[in-house]
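Throughout, a chain's letter reflects where its sequence line sits, starting with A, and its residues are numbered from 1.
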Amino acid sequence: MSCRYFKTLSSDVLDGQASPAEMLLFDRHRSECTACDARHQELLVMTGLLRSSTAPTLDPEREDVIFSSLDRDAVSFVGALRRVLSPLAAPFRFLASSSGSTFALFVAIGLLWPHTGALAPDPVAAVEPAPTVLTVWESKADRIVASVAGTSTDDSWSPPGAAGPDGGDAPAVRIFLFERIVVRG
Amino acid sequence: MTERDAALGDDAGLVARVLEGEAEAFQELFSRYHRLVLGLAARLLNDRDEAADICQEVFLTVHRRLATLREPDKLRAWLCRITLTRVYNAERSFRRRFRGFSISLDDTVSRSTPYQGSHGDPERALVAAEMRRRLDAALAALPLNYRTVVVLRDIEGLSYDEIAEAIDKNLGTVKSRLARGREILRRSLHDLVRSGRETKP
């Protein structure tokens with residue numbers, strides 16, 4: 001195993017968090033690797049220094065200030081209200097947390113899901129095609145012979161004898177309303 | 001059972017007494033834990049006055065919200081968690097206010113060192129003071145995430161489980177942050193700890 005592994009393990013060993021097997025491995029490695037042994041010794045000295053540092057103390061005046069603020073809070077109406085409401089506010093604190101708000105979002109979606117139909121837009125009515133001029137081709141002079149307006153429900157309807165300029169059939173007509181017929185030569 | 005374990009086992013009883021309205025119980029809770037709260041805040045912020053303000057805020061919060069503590073035997077971790085929330089808020093606000101300013105870390109640490117001076121042999125006191133100054137400066141230079149776990153474990157003596165509870169992370173994160181934080185600290189104090197290792201009997 002590499003020194004990198006023992007570097008991480010060193011901290012666990014220091015706190016007695018390593019398993020007996022890990023301890024055995026670590027001790028074996030330390031006996032072979034002087035660098036890891038030195039590092040572990042330094043960590044021991046360093047944590048010893050940290051543990052020996054004295055705790056800060058609070059000035060007596062400051063302690064008095066804290067206790068008087070606690071006393072004021074104990075007798076004040078707002079303080080009493082806060083203490084009464086604090087246990088009730090736990091669900092709101094949960095909702096204010098990130099996991100709580102995610103949970104609330106999913107619940108809200110679940111509750112609203114059956115009603116999403118009401119939120120959908122109204123179905124759009126079928127749009128009728130705009131009135132179109134129908135042109136009929138004839139072999140003689142280009143002149144208007146008739147102007148007709150009317151409706152037809154027959155999709156395949158076409159004027160009798162109609163043909164395209166190249167002699168083919170006129171395209172299928174899907175027109176419900178037409179105004180005039182032009183005849184071309 | 002150690003003294004600390006006994007105190008931990010007693011926390012649930014203490015909380016119950018406070019909630020029953022016993023006048024001395026809160027004072028007992030304060031005297032048992034104000035050093036922890038103050039020490040944690042002072043070491044993370046390097047500002048003793050700010051730490052005292054945070055200590056006041058934390059105990060006011062405890063006074064108001066103790067009834068919401070679901071597991072009274074985890075009082076210590078809960079206190080640390082409240083303190084850390086306040087510390088992080090103060091740190092964020094400090095960074096916002098003084099963005100772009102640069103201050104000497106040595107000056108800050110020496111001016112607001114949370115430790116008391118040592119008495120007795122002046123030369124020894126001088127060496128000890130210098131060692132503390134170096135230690136404080138190295139600790140202050142650690143990124144806050146690592147500093148938090150190092151202070152909680154190596155100075156305040158919390159267990160891994162309590163640290164995980166206090167910082168709201170899993171055990172793996174606690175272990176890795178602790179290993180990394182200690183390694184950074186060891187490197188910055190290399191000469192100091194090496195001389196300590198060599199003079200060790």
Answer yes or no: is there a side-chain heavy-atom contact under 4.5 Å between A/Leu105 and A/Thr102?
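SC-SC contact between A/Leu105 and A/Thr102 ruled out.
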
Just jot down the salt bridge (charged side-chain N to carboxylate O under 4.0 Å, His left out) partners of A/Asp15, sequence neighbours excluded, or say none.
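Salt bridge (charged side-chain N to carboxylate O under 4.0 Å, His left out) check on A/Asp15 returns A/Arg51, B/Arg153, B/Arg182.
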
Are B/Arg86 and B/Asn89 close enough that a side-chain donor and a side-chain acceptor fall under 3.5 Å?
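On atom types as modelled, these side chains do not qualify, holding no pair under 3.5 Å.
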
For B/Thr83, what residues pass the side-chain hydrogen bond (donor to acceptor under 3.5 Å, both in side chains) criterion, not counting sequence neighbours?
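Expected list: none.
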
Counting only non-hydrogen atoms closer than 4.5 Å, does B/Leu189 touch chain A with its backbone (N, CA, C, O), its side chain (CB onward), both, or neither?
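Only the side chain of B/Leu189 comes within 4.5 Å of chain A.
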
Sort B/Arg187 into side chain, backbone, both or neither according to what part of it lies under 4.5 angstrom from a heavy atom of chain A.
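B/Arg187 touches chain A through side-chain heavy atoms alone.
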
Contacting region of A/Leu14 [heavy-atom separation from chain B under 4.5 Å]:
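Contact with chain B involves the side chain of A/Leu14 alone.
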
Check B/Ala52 against A/Leu58 and note the closest heavy-atom contact, atom names and distance.
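The answer is CB-CD1, 4.1 Å.
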
If you take all heavy atoms of A/Phe6 and A/Cys36, which pair is closest and at what distance?
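Taking A/Phe6 first and A/Cys36 second, the nearest heavy atoms are CB-SG, 4.4 Å.
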
Taking every heavy-atom pair that is under 4.5 Å apart, which of B/Asp154, B/Val150, B/Leu36 has the most such pairs with chain A?
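Ranked by heavy-atom pairs under 4.5 Å with chain A, first place is B/Asp154.
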
Tell me, out of B/Arg35, B/Met131, B/Glu183, B/His34, who's got the most heavy-atom pairs with chain A below 4.5 Å.
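Ranked by heavy-atom pairs under 4.5 Å with chain A, first place is B/Glu183.
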
Residue-level contacts of residues 53-62 of chain B with chain A, using a heavy-atom cutoff under 4.5 Å:
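The list, in residue order, reads B/Asp53, B/Cys55, B/Gln56, B/Phe59, B/Leu60.
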
Option passing side chain to side chain contact (heavy atoms under 4.5 Å, CB included) with B/Arg147 (candidates B/Ile184, B/Leu185, B/Leu152, B/Asn46)
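By the side chain to side chain contact (heavy atoms under 4.5 Å, CB included) criterion, B/Arg147 pairs with just one of B/Ile184, B/Leu185, B/Leu152, B/Asn46: B/Asn46.
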
Checking B/Ala25 now: which residues fulfil side chain to side chain contact (heavy atoms under 4.5 Å, CB included) with it, not counting sequence neighbours?
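Expected list: B/Leu14, B/Arg17, B/Val18, B/Glu22.
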
